[in-house]
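Step one of this worksheet: look at the structure below.
No experiment lies behind these values; they were computed from the predicted model shown.
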Amino acid sequence: MSKHNRNLEDISPLNVRRSSEYSPPSKRKKDIVEVDENMSDNSNDKNKKSSNFSDISSNVIDGSSLILNLKPTSAKKIIIKNLKSEPKLPDDYREQTWLKLEEAVLAIQNATRNEYSLEILYQAVENMCNHKMGYMIYNNLRKITEGHVRRSIEQFLAENMDRFLFLKKMNETWQAHCRQMIMIRSIFLYLDRTYVLQNPHIPSIWDMGLDLFRQYIMANTLVQTRIVEGLLMLIEKERQGDAVDRTLLKSLLRMLTDLQIYLKAFEEKFLVATERLYAAEGMRLMQEVEVPQYLNHVEKRLIEENERILHYLDNSTKPRLIHTVEKQLLTEHVSNILQKGLDGLLEENRLHDLTLLYSLFGRIKHGHAELCVAFNAYIKKFGRTIVIDPEKDKTMVQELLDFKDMMDNVVTTCFNKNEKFNNSLKEAFEHFINQRANKPAEVIAKFVDSKLRAGNKEATEEELERLLDKIMVLFRFIHGKDVFEAFYKKDLAKRLLVGKSASVDAEKSMLSKLKQECGGGFTSKLEGMFKDMELSKDINVAFKQHLVTATVHYSENYVPVDMTVNILTMGNWPNYPLMDVNMPEDMVRLLEVFNKFYISKHSGRKLTWQPTLGHCVLRAQFRGGQKELLVSLFQALVLLLFNGAMEHSFEYIKVATNIEDGELRRTLQSLACGKARVLLKSPKGRDVEDHDKFRFNNDFTNKLYRIKINQIQLKETTEEQKATEERVYQDRQYQIDAAIVRIMKMRKTLSHNLLISELYLQLEFPVKPADLKKRIESLIDRDYMERDKDNPNQYNYVA
């Protein structure tokens, strides 16, 4: 028999093999199978029988001994009988077996060689448990483990031990304890699965080891304090940029977690230290570095703390740790960060830093709300500088468009298309763009005019369409849309009448955008202007056909002139000042022919001629050759005077043309002082004086055959601008009067304050309370309404 089997026989009174299910011996069925003595040849041979028992006694099925007494002869009859009693254990079995188990446990704790195999030890524990010795085994094992743990604490009580060495020593002790308990548990596993499970109030072998380690080592105030202080020291060094042993940190922190003292012993102190560190760091850095560097530092710190959680801190610490960092580095400095850095980031268009700012502020309570307020304030402040300064009127619209594009890009790229920021952006633009009444509406209308003129070669049709869409965004912010309409209509009229529109499609596209934004009532007159131009084309075709057959009957000296007439409905177009000028007889005769022709087609209508809007093409003969001059009607009247003479004075030209003084001076300036000088002024100078003389410049040269001479009368004068504003003001008065009458007719009686409130809701343009009061007084004077006799602050409608 091998040594292995001898050891097994020494420990176990019965040769058994492991069973996955525990069954008390008292409940097991004992069956014995023997050969009938009468059928056996050697029934009295006890030695032989004993030998047969010994040979096969190791066969065990479910804890029952199957004993066969066989004879090496032919098959005999088998009789099965019950055992009357269980096998009896030796008297010293418990003591001897425990001594072997104790020896094995001590060998594990002292890291010495173990004489018995784990299988033998496990089997011994199983046998003892099956014979109701679990209580004794468990208590003895606890005492051995307790003694070992108590002896381990002595090495940690030396006060002069280096902190780092102390932590390493503690980690080694903990790791050794864990390894020991794992090996011990593997030997006493059957005890864990039977006796411990049957007694819920008893901790498992592993938990027992943790309890003892916690009770005798970690419960020691000095030891626990030194461990926690050492851990905090290592973490602080790492935060300062030093390299530390993360494996050591992880192991010791897992030890605290396993011992269930992580929260009480370490986490609270760790968070207090963290708060103290970052509070001081935040105050210092806000004074020392710029906002972009500060934001990058905060992001770096948050990444570092997340890495600590990933590498060695318990995951339960994460919410409170990150909140502490955010509170000390962000929440406490929100106002300073926004005041110190937001304006600079927006002005310099630092998209990366703005994205980081938005991301970090999203971590803290109300962070985005405060950022949105500051963003709104910046837009109002910066936008107001564009709108208020009169020197920026020429560049106002382009600056507004650029500013709007930049802020839109910030909201889209940096602020994650946040709807609150987008709404705040719109509110800010609407606020500052109306800080200067009427002017933004005027300059936007003029900007559209400059882009829709034929001379605009800056953009393709697609680019022009995109630009118009952007302009409509600015248009939505304007309160005084009637001002825009007035200036837009005046400029559109000029573009249509002189044929200088860049594209009919672009014009109609803009008209469609305005109609979609403000409704059909806003664009009805503008649409009427296009309709008049279409009808005028048909009338001109019919007139030219009429001239073919009718010219010979009017005059034998008729000089053929290609004339185009635009018939304008007075209500659709801007009001132009009437000016009676002296025109050549051929022109006058042709106008009379057209007038008779039109009246014959449309009886009851009256034509009023507007020479200020006319333009002509003249053929001029210079010494260098013939040229065609594109000029206004006033320029043409002046040039035609030089057909009979080479020189005229200012006074003569004024009397001969009957052009208004200021308009004549601008006309002569364009002919004699501009780039294309077809007239020469004497004396030279840019201004036209009363005693100046002008002569035809026969030496004029130009590489082009058709030359456009700047039609200076198309430029808006200050008087025209004021006249347009005055018309808008008058229209507003009519709208206010109509609104007051409409409200009073419906309400019959209304107090002053309620009437003012109703007017603010109905009127679409900005108006002052003083202006409303004036209109109310005017209507009272005209008997549309009256004051209540008993209550002067209340008005009654007069039917």
Side-chain angles (χ1 to χ4, degrees), residues 490 493-494 496-500 536 540 543 554-555 557-568 570 573-599 606-620 629-645 647-674 676 678-679 681 687-690 692-696 708-720 723:
K490 180 173 64 65
K494 290 181 180 180
L496 294 178
L497 293 176
V498 299
K500 295 304 179 183
S536 297
N540 280 289
F543 177 64
Y554 290 110
S555 174
N557 298 323
Y558 169 73
V559 178
V561 177
D562 185 7
M563 183 178 73
T564 300
V565 180
N566 291 318
I567 310 298
L568 312 180
M570 187 172 291
W573 296 76
N575 294 323
Y576 297 105
L578 293 175
M579 191 178 295
D580 187 16
V581 296
N582 297 329
M583 291 190 288
E585 293 182 3
D586 293 335
M587 285 188 182
V588 174
R589 189 180 302 114
L590 197 56
L591 292 179
E592 291 175 352
V593 172
F594 183 86
N595 194 58
K596 291 179 181 180
F597 164 77
Y598 184 78
I599 297 300
K606 181 182 179 181
L607 292 178
T608 301
W609 297 95
Q610 289 283 0
T612 56
L613 302 176
H615 58 280
C616 306
V617 178
L618 297 180
R619 289 192 181 93
L629 305 179
L630 277 71
V631 293
S632 68
L633 178 59
F634 291 161
Q635 290 171 326
L637 295 180
V638 171
L639 291 175
L640 288 174
L641 294 177
F642 290 88
N643 277 338
E647 184 175 287
H648 292 296
S649 66
F650 173 78
E651 294 296 334
Y652 173 81
I653 296 172
K654 182 177 181 180
V655 173
T657 60
N658 197 32
I659 299 174
E660 185 268 332
D661 185 88
E663 192 65 45
L664 178 60
R665 291 178 190 274
R666 287 193 294 274
T667 300
L668 288 170
Q669 260 187 326
S670 66
L671 294 171
C673 304
V678 294
L679 297 181
K681 186 174 82 70
D687 297 328
V688 176
E689 305 294 341
D690 292 344
D692 288 347
K693 292 185 178 180
F694 299 87
R695 64 185 179 86
F696 181 69
K708 177 187 175 183
I709 297 178
N710 182 28
Q711 299 176 19
I712 204 167
Q713 87 279 6
L714 292 179
K715 290 187 176 180
E716 184 179 57
T717 63
T718 304
E719 292 78 10
E720 288 177 331

If you look at every heavy atom in L629 and A620, which pair is closest and at what distance?
CD1-CB, 3.9 Å
Distance, nearest 0.5 Å, that separates CZ of F694 from CG of L668:
4.5 Å
Do L639 and L679 come close enough that some side-chain heavy atom pair is under 4.5 Å?
yes
Kindly compute the distance separating CG (L633) from CE (M579), expressed to the nearest 0.5 Å.
10.5 Å
Give me the atom names and distance for the closest heavy-atom approach of P574 to K490.
CG-CA, 3.6 Å
Show the nearest heavy-atom pair for residues P584 and L640, with the distance to one decimal.
CG-CD1, 3.6 Å
Hey, mind stepping through E663 and V581 against side chain to side chain contact (heavy atoms under 4.5 Å, CB included) and telling me if it holds?
CA-CA 12 Å; E663 192 65 45; V581 296; over 6 Å; no
Return yes if some donor-acceptor pair links the side-chain N/O of N658 with the main-chain N/O of D580 below 3.5 Å, else return no.
yes
Which is it for L607 and F594 under the side chain to side chain contact (heavy atoms under 4.5 Å, CB included) test, yes or no, and what are the steps along the way?
CA-CA 10 Å; L607 292 178; F594 183 86; 4.0 Å; yes
Working to the nearest 0.5 Å, report the span between CZ of F650 and CG of D661.
4.5 Å
Checking the side chain of Q610 only, and the main-chain atoms of T612 only, is there a donor and an acceptor separated by less than 3.5 Å?
no
Side chain of T667, backbone of Q635: donor and acceptor closer than 3.5 Å?
no
Report the distance from atom CD1 of I709 to atom OG of S632, rounding to the nearest 0.5 Å.
9.0 Å
Supply the atom-to-atom distance L637 CG to I653 CD1, rounded to the nearest 0.5 angstrom.
11.5 Å
Quick one: does N582's side chain have a donor or acceptor within less than 3.5 Å of a partner on A656's backbone?
yes
Using side-chain heavy atoms (C-beta onward) and a distance below 4.5 Å, is L568 in contact with L497?
yes
I'd like to check R665 versus D690 (side-chain heavy atoms, cut-off strictly below 4.5 Å). Are they in contact?
yes
Check: N540 side chain, S536 main-chain N or O, donor-acceptor pair, under 3.5 Å:
yes
With side chain to side chain contact (heavy atoms under 4.5 Å, CB included) as the test, would you mind laying out the steps for W609 and L578 before giving the verdict?
CA-CA 8 Å; W609 297 95; L578 293 175; over 6 Å; no
Parallel, tilted or perpendicular: rings of F543 and F597 (30°, 60°):
tilted
Check whether any side-chain heavy atom of N566 lies under 4.5 Å from a side-chain heavy atom of W573, and answer yes or no.
no
Answer whether the closest heavy-atom distance between the side chains of L664 and V688 falls below 4.5 Å.
no
Between atom CG of L590 and atom CE of M583, what is the distance when rounded to the nearest 0.5 Å?
10.0 Å
Just by modelled atom types, is the Q669 backbone N or O under 3.5 Å from a matching donor or acceptor in the K681 side chain?
no
Would E651 and K654 pass as an ion pair if we require N to O under 4.0 Å?
no
